[in-house]
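What follows is a set of notes on a single structure, which appears directly below.
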Amino acid sequence: MLPDNLPPSRPPGTVIHELASRLRGLPPSCGPVRLIGVDGHAGSGKSTFAGELAAALDGAPVLHLDDIASHDALFGWTGRLLTQVIEPLARGESAAYAPYDWRARSFGPPRPLPPAPLVLVEGVGAGRRALRPYLARLLWMELPREESWTRGRRRDGRAQREFWAGWVEAERRHFAGDPSRPHADLLVLQSQKGYEVLPGPAATR
């Protein structure tokens with residue numbers, strides 16, 4: 001089992017490497033794959049954390065849900081994800097999904113996703129109800145939504161101001177009807193000293 005917490009008072013990167021070691025020991029959750037969800041509000045640092053965790057997992061594949069969503073389906077992508085990714089992985093087959101280009105507003109050529117021992121699914125909604133049965137662990141980036149959104153707006157700049165206005169309302173509706181945090185096994189906190197991993201609501205119930 002994962003420990004109650006992975007304290008941050010260690011050399012940089014140690015917490016992530018210890019977490020990676022424990023994730024390797026989990027039983028498969030989606031065919032031969034240990035599917036790890038990384039959820040949180042937009043701007044909470046999911047992509048950065050997932051990238052560092054993937055590196056600690058010797059280059060584990062990372063599926064970014066930004067590649068699955070689109071302008072027309074900010075959160076209405078469950079069927080597409082299940083068909084293109086989850087179902088093939090559950091059969092032990094390589095998946096292939098068409099990543100969305102947010103600037104061109106179109107889907108690109110298929111991108112392969114092998115049934116690796118560990119696969120990270122990163123993005124808002126990674127812990128949604130339809131995906132939780134396939135997850136070996138659900139991690140939640142513990143950063144308040146207003147702070148997350150402020151970081152996201154600052155990151156994307158004025159060019160995306162109109163998009164963010166619509167996104168915030170869409171995210172509010174999504175989590176109101178299908179919250180992820182109550183089902184998180186682990187909470188990930190970020191500070192200037194690195195990451196801290198604490199038990200999530202699902203682990204402490």
Side-chain angles (χ1 to χ4, degrees), residues 30 33 35-55 59-91 93-116 119-132 134-135 138-141 143-181 190:
C30 182
V33 177
L35 205 62
I36 309 299
V38 180
D39 205 339
H41 298 291
S44 60
K46 298 179 299 302
S47 297
T48 299
F49 174 77
E52 294 188 30
L53 181 57
V62 181
L63 172 64
H64 301 283
L65 291 179
D66 282 351
D67 290 336
I68 302 295
S70 67
H71 282 92
D72 295 329
L74 293 178
F75 289 98
W77 39 257
T78 302
R80 184 166 168 259
L81 180 64
L82 291 175
T83 301
Q84 296 185 3
V85 177
I86 301 300
E87 292 174 4
L89 293 182
R91 296 192 297 266
E93 301 171 0
S94 182
Y97 62 96
Y100 184 69
D101 187 324
W102 288 86
R103 294 188 177 182
R105 292 178 174 255
S106 62
F107 291 97
R111 181 179 297 171
L113 182 66
V119 174
L120 306 182
V121 179
E122 171 276 318
V124 181
R128 65 176 14 181
R129 187 180 301 111
L131 299 185
R132 288 198 292 271
Y134 302 96
L135 298 178
L138 173 59
L139 282 60
W140 175 266
M141 303 301 294
L143 189 69
R145 63 185 186 184
E146 296 296 341
E147 186 175 347
S148 296
W149 294 336
T150 297
R151 286 175 49 172
R153 289 188 183 97
R154 186 183 305 120
R155 175 195 64 201
D156 293 344
R158 293 185 177 182
Q160 297 296 324
R161 181 180 297 174
E162 183 178 348
F163 172 80
W164 266 95
W167 170 268
V168 165
E169 292 307 313
E171 186 180 309
R172 288 182 192 273
R173 290 193 300 270
H174 166 70
F175 281 132
D178 193 354
S180 295
R181 189 184 183 281
Q190 185 178 12

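Computed over heavy atoms, backbone and side chain alike; hydrogens, waters and symmetry mates excluded.
The only option from L63, D66, D67 that meets the side-chain contact (heavy atoms from CB on, under 4.5 Å) definition with P99 turns out to be D67.
With rounding to the nearest 0.5 Å, the separation of CG in D178 from CZ in R128 is 6.0 Å. In this structure, OG1 on T150 lies 8.5 Å from CH2 on W164, to the nearest 0.5 angstrom.
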V38 and V62: side-chain contact (heavy atoms from CB on, under 4.5 Å), yes or no, with the steps? CA-CA 10 Å; V38 180; V62 181; over 6 Å; no
Could you walk me through whether L81 and L65 pass the side-chain contact (heavy atoms from CB on, under 4.5 Å) check? CA-CA 9 Å; L81 180 64; L65 291 179; 4.1 Å; yes
Check against side-chain contact (heavy atoms from CB on, under 4.5 Å), F163 and L74: CA-CA 11 Å; F163 172 80; L74 293 178; 4.0 Å; yes
Derivation of the salt bridge (charged side-chain N to carboxylate O under 4.0 Å, His left out) call for D39 and R132: CA-CA 11 Å; D39 205 339; R132 288 198 292 271; over 6 Å; no
For F107 and W77, what are the C-alpha separation, side-chain angles and deciding distance, and is it a ring-ring contact (aromatic ring centres under 6.0 Å, His included)? CA-CA 13 Å; F107 291 97; W77 39 257; over 10 Å; no
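Closest approach of L113 to P61, counting heavy atoms only: CD1-CB, 3.5 Å. Between P110 and A96 the shortest heavy-atom distance is CB-CB, 4.4 Å.
With a 4.5 Å cut-off on side-chain heavy atoms, Q190 and F49 do not count as touching. In this structure the side chain of I86 reaches within 4.5 angstrom of the side chain of L35, judged on heavy atoms. Considering only heavy atoms from C-beta on, R153 comes within 4.5 Å of V168 through its side chain.
A donor-acceptor contact shorter than 3.5 Å links the side chain of E171 to the backbone of A42. A donor-acceptor pair under 3.5 Å links the side-chain atoms of S44 to the main chain of H41, judged by distance alone.
Other residues, nucleotides and ligands contribute only 12 or fewer heavy atoms inside 6.0 Å of the OH atom of Y134. Atom CZ of R155 has more than 12 neighbouring heavy atoms from other residues, nucleotides or ligands inside a 6.0 Å radius.
F75 meets the ring-ring contact (aromatic ring centres under 6.0 Å, His included) test with W167, H174; sequence neighbours excluded.
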